[in-house]
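Each remark here refers to the structure printed beneath this line.
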Amino acid sequence: MELDTLILSRLQFAANISFHIIFPTITIALGWILLFFKLRFQATGDEKWMDAYRFYVKVFALSFAMGVVSGITMSFQFGTNWPGFMEKVGNIAGPLLAYEVMTAFFLEAVFLGIMLFGARRVPPWLHTLATFLVAFGTTMSAFWILVLNSWMQTPVGFELRDGVVHATDWFAIVFNPSMPYRLVHMLLASGLTASFLIAGLSGLRWLLGDRGADVRATMKTGVMIAALLIPLQIFAGDLHGLNTLEHQPQKVAAMEGNWETRGNVPLLLFAIPDESQRKNHFELKIPSLASIILKHDPAGVVPGLNDFVAEDGTVMHPPVFKVFWSFRVMVGIGMLMLAVSWVAAFALWRQGFDRLTPWVPRALVVMTFSGWFATLAGWYTTEIGRQPWLVSGVLRTAEAVGLVAPVMVFSTLVMYLTIYGLLTLSYMFVLTYLAKKAASGEMAPDDVARAPIQRAIGVQPAE
Amino acid sequence: MDFFGDPTVWLPFTFAALMGVAILVYVVLDGFDLGIGVLFPFVGDDEKDQMISVIGPFWDANETWLVLAIGLLLVAFPTAHGYILTALYLPVAIMLAGLILRGVAFELRAKAPKGQKEQWNRSFYVGSLLTSLSQGFMLGMYIVGLDYTLNHVAFACLTAVCLTAGYAFIGATWLIYKTEHDLQRRAVRFAKFGLLGVIVGFAANSLASPLVSPRIFAKWFTMPEIFYLAPLPILSGALVVLIGITLRQMPHPADRLSWLPFAAASSLFCLAFAGLAYSFYPYVVPDKISIYEAASAPESLFIILLGAMVVMPAIAAYTVLSYVVFRGKARALTYD
């Protein structure tokens, strides 16, 4: 593979967006869960809910900051590396991004200040309202960005004038065919990511001997949300797949590793798709199951990849190996999520906390960041699955790339990868550290730092 | 005048104005919190926590103005966006690295184990410095028309230092407003140095710009424009004198007028910005692409404008709300 500007820019964009997405995936749902903790406290007066809020608001603040700074990077990358994107489809992408900034970014950023630091400065109702608006803002942000992404997958409501896309029907653009499915799938993914994170950190504190009421409450909350959402997610994912079959059959063909259009297509549990020979090696399959899943009929005809090769041999379907395996990683983690959350929920119900086998918290700890991997694998499936198009049928990825020297892109790519690698490790380390701190009953540096500052600036602690 | 009759005229103009406002608000608001980052190594550990507490509730929203500004460039002038950002590829990447470092360090310095705090303090400083320097460098390159010659790069390096000094200056004035006692005394000293830096920087830039951009020079020093423009430098001079006099009397025992240096510094930024805006109009890429050539389709601009008219007042309102909630001297940051 030659390292030209195109492949380097794609790697850089993939690195940036992968690093970015893992943090909003946490904060979108965690915002609502924080609101839930707060409302439970207001309803019951039980301190454990406030303890839970205090712990996870730190996780939220850290994740939010990571999301904001990596998101700023994204907004510049359009121009630095992909100027052709906005030149061609800017008339549609522009307003959607503008609405995201105007209706979501400011809302969440401004009220985050009040939510984090304003508890003693504003009346309780305003603090709760701020918490709600932050959660609402993150969700609105997800809405707009998924509208744009879905439009790039299934573009409608536009016409071409002088080679430039012009909007003709904004309603059709916003509610494009794949948007509802993708939005629901992503919001559920966020719910699962946040709930497994909470369950995992609670499991860690439990294993470290922290059996406080707040740990029980958060572990139960995490497990219950995960156990409720995962079947919904499997159902929503299936609907999303059927929607993709209708609008982007070549993507589904790659996901299934199916080369020829035919009936009785098997579900491949394992295979090594080989694009040079246009066949799979080492297939392990369940007969007709892909046809049953996709067409609800064993004889159902499923499109094959060979239909998406032009007369002159130009391949117009996505890279098969990557899509095939990303999809399997996502589904595999989803199945694991189902098993772990249901077994954990069952154990919590039958054994209760007092006789809880340590295997439950252990499994939860292992699954702490499982949502990240599933989310990334899912996004790789859908984004690589859209190739060679950047906007399906309208703009090819190769046409949008900017004319920056490869060595420049290479150096910034190395820079970003270094920063992202270090920050991801720091992030995971600090979350673990916060859990350990909480478990050992020590004060977090946040609290320790308070006393001298309060003296220095003449504030009496309000405890 | 059929200015409002032709949407391909008034829409690009409106969006250029909106973008200008967004950049100006960004430079003032993130300017003060970047500047505080730049001043970070010059104070002790306790004071570092106080400095963080004066920007804590705001920095996130402040940076959002950058996203809005770049977003407006992206959506309203897509060709210019591509042109400018590919020309500024490396400084943009360095700025982004700086923004990432400082934003993350902001959180991690308070949450990581105590032994690592020092390291995150340093990241906060380095990130703020890189961001300020690269923004100044980009401003310089933009002024000279985005062509990389030795003279131009030297000029851009000069503006990089000047803008950083400007940010440190406005950061110091924000500290004067939000702190008391030792830190406030120190901030007054920082502000005095910063003001000196701003004067030197402004003079250097004014002397250098006719050498690097004859067009801008011609735009300012012709009859009768020179008379219409005279209020800009005169007002700026008056503000500098006003800030100088105020700083001499600070810190005031009753904390009188502690808001004045920041207000005056912000006004100074506004005047400098107005001067720049005049220099560039009607170009969005200096001397190459005008705002009218680069603009998106009118119907797309119109749909954004509709939203902006509803949403921007709300954003302004809750931004003001947040500054009212956190008014007065900063208190320690606590989550409860």
Side-chain angles (χ1 to χ4, degrees), chain A residues 54 57-58 61-62 65-66 68-70 72-73 75-76 78-80 83 86-87 90-91 94-95 97-99 101-103 105-106 109-114 116-119 121-122 166-167 170 402-404 408 412 415 419 423 426 430 433-434 444-446 449-450 452-454 456-457 459, chain B residues 46 49-50 53 56-58 60-61 63-64 66-68 70-71 74-75 78-79 81-82 84-86 89-90 92-93 96-97 99-100 103-104 106-108 110-114 117 179-180 296-297 299-300 303-304 307-308 311-312 315 318-319 322 325-326 329-336:
Chain A
R54 280 193 205 105
V57 83
K58 288 178 191 157
L62 179 57
M66 304 277 274
V68 167
V69 293
S70 55
I72 296 175
T73 313
S75 64
F76 278 88
F78 288 123
T80 51
M86 288 309 282
E87 280 159 24
N91 287 326
L97 289 169
Y99 271 83
V101 177
M102 292 191 301
T103 63
F105 287 170
F106 278 106
V110 171
F111 283 101
L112 182 73
I114 297 177
L116 291 184
F117 305 118
R121 286 177 174 257
V122 299
H166 286 258
W170 279 104
L403 294 170
V404 182
M408 286 250 258
T412 55
M415 179 190 82
I419 295 178
L423 290 183
S426 304
V430 168
Y433 170 77
L434 287 175
D446 269 351
R450 245 172 246 169
I453 309 176
Q454 282 161 342
I457 59 178
V459 176
Chain B
D46 264 11
D49 288 337
Q50 292 178 55
S53 71
F58 312 117
D60 230 334
E63 283 189 0
T64 307
L66 177 65
V67 180
L68 179 67
I70 201 69
L74 176 82
V75 303
T79 31
H81 177 260
I84 294 170
L85 290 187
T86 40
Y89 189 85
L90 273 187
V92 164
L96 293 171
L99 281 172
I100 293 172
V104 170
F106 189 95
E107 289 293 329
L108 287 177
K111 294 185 175 61
K114 259 190 129 71
K117 191 171 179 180
T179 62
E180 318 168 85
S296 298
E299 57 268 38
S300 291
I303 199 129
I304 303 174
V311 180
M312 291 312 286
I315 292 175
Y318 58 67
T319 303
S322 120
V325 165
F326 295 101
K329 298 297 174 188
R331 290 187 229 158
L333 293 181
T334 62
Y335 282 167
D336 39 50

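Every value quoted in this text rests on a predicted model; they were computed, and no experiment measured them. A, B, ... follow the sequence lines: proteins, then strands. Residue 1 opens every chain.
Between B:Glu299 and A:Asn91 there is no side-chain heavy-atom pair separated by less than 4.5 Å.
Both the backbone and the side chain of B:Ile100 have a heavy atom closer than 4.5 Å to some heavy atom of chain A. Looking at B:Ile315, the atoms closer than 4.5 Å to chain A (heavy atoms on both sides) all sit in the side chain, from C-beta outward. Within the 4.5 angstrom heavy-atom criterion, atoms from both the backbone and the side chain of B:Val325 approach chain A. Using a 4.5 Å cut-off between heavy atoms, A:Val430 contacts chain B through its side chain alone, with no backbone atom that close. Heavy atoms closer than 4.5 Å to chain B are found in the side chain of A:Met415, but not in its backbone. At a 4.5 Å heavy-atom cutoff, the contact between A:Leu97 and chain B is made by side-chain atoms alone. Looking at B:Leu66, only its side chain comes within 4.5 Å of chain A, counting heavy atoms on both sides. Proximity to chain B is limited to the side chain of A:Tyr99, based on heavy atoms less than 4.5 angstrom apart. A:Leu112 touches chain B through its side chain: at least one heavy atom from C-beta onward sits under 4.5 Å away, while N, CA, C and O do not. The parts of B:Tyr318 that come within reach of chain A are both its backbone and its side chain, each placing non-hydrogen atoms under 4.5 angstrom from that chain.
Options A:Met408, A:Arg121, A:Met86 differ in how many heavy-atom pairs under 4.5 Å they form with chain B, and the most are formed by A:Arg121. Between chain B and the options A:Val68, A:Thr103, A:Leu423, A:Val110, the largest number of non-hydrogen pairs under 4.5 Å is found for A:Val110. For the set A:Ala98, A:Ser70, A:Gly90, the count of heavy-atom pairs under 4.5 angstrom toward chain B peaks at A:Ala98. Interface check for chain B: of the options A:Leu403, A:Val57, A:Thr412, the most heavy-atom pairs under 4.5 Å are formed by A:Thr412. Highest contact tally toward chain B, considering only A:Val404, A:Val122, A:Ile419, is held by A:Val404 [criterion: heavy-atom pairs under 4.5 Å].
Partner A:Phe105 forms a side-chain contact (heavy atoms from CB on, under 4.5 Å) with one of B:Leu68, B:Asp60, B:Val67 and no other, that one being B:Val67.
A:Phe76 contributes atom CZ, which lies 4.0 Å from atom CD1 of B:Ile70 (distance to the nearest 0.5 angstrom). Between the NZ atom in A:Lys58 and the CD atom in B:Glu107 there is a gap of 11.5 Å [rounded to 0.5 Å]. Distance CG/A:Leu62 to NZ/B:Lys111: 6.0 Å, rounded to 0.5 Å.
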